[in-house]
Amino acid sequence: MREPPPGPSWVAGRSIDEQDAATLGAHLAALGDLFESGRLLFAGPFTAEDGGVLLLAARDCDDARATLDRDPAVAAGLLTYLIKPVETVFDAAKGVAWSAA
């Protein structure tokens, strides 16, 4: 899977912890709001510090894009994203499981 590059405001040579703290705090708060609303199902950074992943409940790609574009770190040009739609085959939270029968 190709990773999206950091945004144009990302300071090269610095880790995520060395980027703009206020923007990252607002990013985490926005993700917290999405989680509380039930739209954010999973999120976190990769341990290799080369990006992260989130699983967002969205009607379609346009809905996902609009939601992600409102993220403060995306709006500030610190982070970018790549949308990959997923077809649900297994979902423990909703009790969905593929069956050969």
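Residues take their numbers from the sequence shown, with the count starting at 1. Note that this is a predicted model, so its numbers are computed, not measured.
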Kindly compute the distance separating [atom1] ([X]) from [atom2] ([Y]), expressed to the nearest 0.5 Å.
{"X": "L40", "Y": "F35", "atom1": "CG", "atom2": "CZ", "value": "7.0 Å"}
{"X": "I83", "Y": "R65", "atom1": "CD1", "atom2": "CZ", "value": "4.5 Å"}
{"X": "E36", "Y": "L31", "atom1": "CD", "atom2": "CG", "value": "12.0 Å"}
{"X": "L41", "Y": "L54", "atom1": "CG", "atom2": "CG", "value": "9.5 Å"}
{"X": "D71", "Y": "L34", "atom1": "CG", "atom2": "CG", "value": "8.0 Å"}

T67/L56 under side chain to side chain contact (heavy atoms under 4.5 Å, CB included): CA gap, chis, key distance, verdict: CA-CA 9 Å; T67 300; L56 181 68; 4.0 Å; yes
Mark yes when over 12 heavy atoms from residues, nucleotides or ligands other than F90 sit less than 6.0 Å from its CZ; otherwise mark no. yes
Members other than V11 in its cluster, when Ile, Leu, Val, Met, Phe, Trp, Tyr link by side-chain heavy atoms under 4.5 Å? none
Minimal non-hydrogen separation, Y81 against D69, with atom names: OH-OD1, 2.6 Å
Which atom pair, heavy atoms only, marks the closest approach of G38 to A57? O-CB, 4.4 Å
Strictly distance-based, threshold 3.5 Å: is any side-chain N or O of [X] a donor or acceptor partner for the main-chain N or O of [Y]?
{"X": "T80", "Y": "G7", "answer": "no"}
{"X": "T23", "Y": "A73", "answer": "no"}
{"X": "Q19", "Y": "I16", "answer": "no"}

Quick one, D20 with R14, criterion salt bridge (charged side-chain N to carboxylate O under 4.0 Å, His left out). Give me CA distance, side-chain angles, the key distance, then yes/no. CA-CA 10 Å; D20 181 64; R14 292 189 182 173; over 6 Å; no
Salt-bridged, R70 to D33, with N to O below 4.0 Å? no
Let's go through R39 and L55 carefully: what are the C-alpha distance in whole Å and the side-chain angles of both, what is the deciding distance for side chain to side chain contact (heavy atoms under 4.5 Å, CB included) to 0.1 Å, and is it a yes or a no? CA-CA 9 Å; R39 295 199 60 210; L55 185 57; over 6 Å; no
